[in-house]
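To keep things clear, I will list the structure first and then write my remarks on it.
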Amino acid sequence: MPEMPEDSGVTIEALMDEQRTFAPSPSFSAQANISSPSIYEEGEDYVSFWEKQADRISWRSPWSKVLDWSNAPFAKWYVDAKLNVTESCLDRHLETKGDKVAFYFEGEPGDTRTLTYRELYHEVNKFANGLESLGVQKGDRIAIYMGMIPELPIALLASARLGATHSVVFGGFSSDSLRDRINDAEAKVLITCDEAWRNGNRIALKEYADSAVEECPSIEKVVVVARTNAEVAMADGRDIFYHDLIATMSDEKEATETDSEDPLFILYTSGTTGRPKGIQHSTGGYLVGTSFTHANVFDIKDDDIYWCTADIGWVTGHSYIVYGPLANGCTSVIYEGVPNFPDKDRFWDIIAKYKVTQFYTAPTAIRTFMKWGTEFPERHDLSSLKVIGTVGEPINPEAWIWYNETIGKGTCPIVDTWWQTETGHIMISPLPGVTTTKPGSATVPLPGIGADIVDDEGHSVPLGGGGYLVLTHPWPGMLRTIYKDPERFKETYWGRFSKPEENKWVYFAGDGAKRDTDGYFWLLGRVDDVMNVSGHRISTLEVESALVDHHAVAEAAVVGRNDAITGQAIAAFVTLKGNVEGNEMLLQELREHVATKIGKIARPASIVFTDELPKTRSGKIMRRLLRDISEQRKLGDVTTLANADVVREIAERAQNQASSQASQE
Ligand code: PRX
């Protein structure tokens, strides 16, 4: 069995103990979109399965072939078919669902807006016309850096309407991160807002955008949505307010025809190097995959009110706030802010207010709610809920049970959904009307999806064993490449376990997993140098690069350590340059430096100054040892180290720091 991360928040031992099972109730199954396990047999012939699912969306002209895998690992789905995704998400709903609400928007300060499908359609058209008037054409890249307001999905859809490629950068990222992503994508236009509301504070997005754009030669225009109406600097000839741009635009816009394989978006994510990867998604396959999974994993009905709490800056928001739900003509809630503004019951207040039927959130959030206590959900009527879901990281059985009892009141199936930015849509998850769930397990691959667990040599591990999670055949929403880097795409995902000489292609997800004797998958966290902090992917190397970018730092090593709430927390070990003294002020400065370089999500939870880093004789930093130190585990064998003494000293300092932090708290 390969080395498993001990910091995944879930240990194999804990999972092995988990015996409880939860079968769907007969009444739930009776009304479910999918209630027969025969769907899994249907999915075995995955090509014809996904051909059948393609009818879920509108095509302008059909495919000549469902899947072209002849140039593996570069896939083509629904080959030669033409469409524009916005016609599936908007136009086709006008006749039957024009007056149906697409989005209920709940602003953090308490303001609200409602957009029907017809209103959304007109807004998208106006903005698409506006963007076209700024010179945007099919194939151009548009960068988007905004808070969670209705103009954010409108921006994605307007880009798609024109056949342009959007690249959303999460609003919590720093100027530098935004700049690097814009430059990699060579975006022509940036869409941002004046400010965003977050935890009662105003976040100066336009200011951050301005400093980024100073070093982005490809940006010709910046469109600014007025969210708070703050005074912001507007560069003459470059910047234009959204409301001014659309004021004179027609609310009709013929959608640009795109090929099924044309790129719909790029979304940057962390890999094992310091440089984020531009994950490139397609048009036709992506929409089929998100539509099918959204409808069936959440068991969506026509009068449901669905709420996914993710930010549209992440893939979960792309697939399960924008494209999946809109393709399905579903009513969604969009909430702008944090769960504890103005009080710790905001989420439950929103569920009761809109009578939310499906609620989709992250295990980190659930663990935080547990910590806050049941009094907050108990203030509100949550009886509208039918299905509740989780995504982004393993959920520990304790949090699962709490979610089931306190939020689901024991009557809502829980869908623990495993997937990635790269997979585009949910891959391993219960079907709520079919699957018996087990707390902490994402259960089994969805119909039409192939997954396995393999050992170091790529051999399938028998039931009951653990290893690496792999995907065994292509699926419609799969990433098509890494933007401008097909070699890295091939190597990162298909290099490890594929056998090109036998034409056998296996996708390596980067996750460790175990399969129990019933064939259920238990995800155990990343097996590479990628951390998962509150469901956000951050590479250790990115944080290390940000630290060594500081003038006082000679060398840095970063590891993810176990954290009861955030899953993992970032622990940094820093060696300072010769004449610099490590004190509390510098420690805070370094944490801020990382926040400025990458974003607040990457700010280290702890930094320990060390004279040296523990290295093997070949000079490799011993991260595993640093993880042991961070988690205050007994240290194992250090004889392979070049500098064994250093370890004891670091451990002592880390211990002192931990106890001084504990006494401060
Ligand atoms: O390690 C897995 C974890 O999140 C990674 C993907 O992160 P990202 O691309 O940011 O997408 C997150 C939202 C889809 C995976 O490699 N992960 C995601 N969902 C789960 C999970 N780990 C365990 N259980 C899950 N349900």
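Atoms within a ligand are numbered from 1 in the order they appear, just like the ligands themselves. Start at 1 with the first residue, then count along the sequence. None of these values were measured; they are calculated from a predicted model.
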What does the 4.0 Å heavy-atom contact list look like for ligand 1?
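Within 4.0 Å of ligand 1, protein side: V315, T316, V391, G392, E393, P394, D416, T417, W418, W419, Q420, T421, D511, L523, R526, N532, R537.
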
Does R346 make a cation-pi contact with Y335 (under 6.0 Å, within 45 degrees of the axis)?
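Checked: cation-pi criterion not met.
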
Charged tip of R181 within 45° of F173 ring normal and under 6.0 Å:
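So R181 does make the cation-pi contact.
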
Output every pair passing ring pair (Phe, Tyr, Trp, His ring centres under 6.0 Å) with a member in residues 261-280, not counting sequence neighbours, ordered by first then second residue.
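Every pair satisfying ring pair (Phe, Tyr, Trp, His ring centres under 6.0 Å) with a residue in residues 261-280: H166-F265, F265-H281, F265-Y286, F265-H318.
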
What is the minimum heavy-atom distance between C89 and L157, and which atoms define it?
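C89 and L157 have their closest heavy atoms at CB-CD2, 4.4 Å.
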
Any residue meeting side-chain contact (heavy atoms from CB on, under 4.5 Å) with A509, in chain and number order, not counting sequence neighbours:
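Partners of A509 by the side-chain contact (heavy atoms from CB on, under 4.5 Å) criterion, ordered by chain and then number, come out as W418, Q420, L469, Y507.
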
Not counting sequence neighbours, which residues clear side chain to side chain donor-acceptor pair (under 3.5 Å) with S545? List them please.
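Checked S545 against side chain to side chain donor-acceptor pair (under 3.5 Å); zero matches.
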
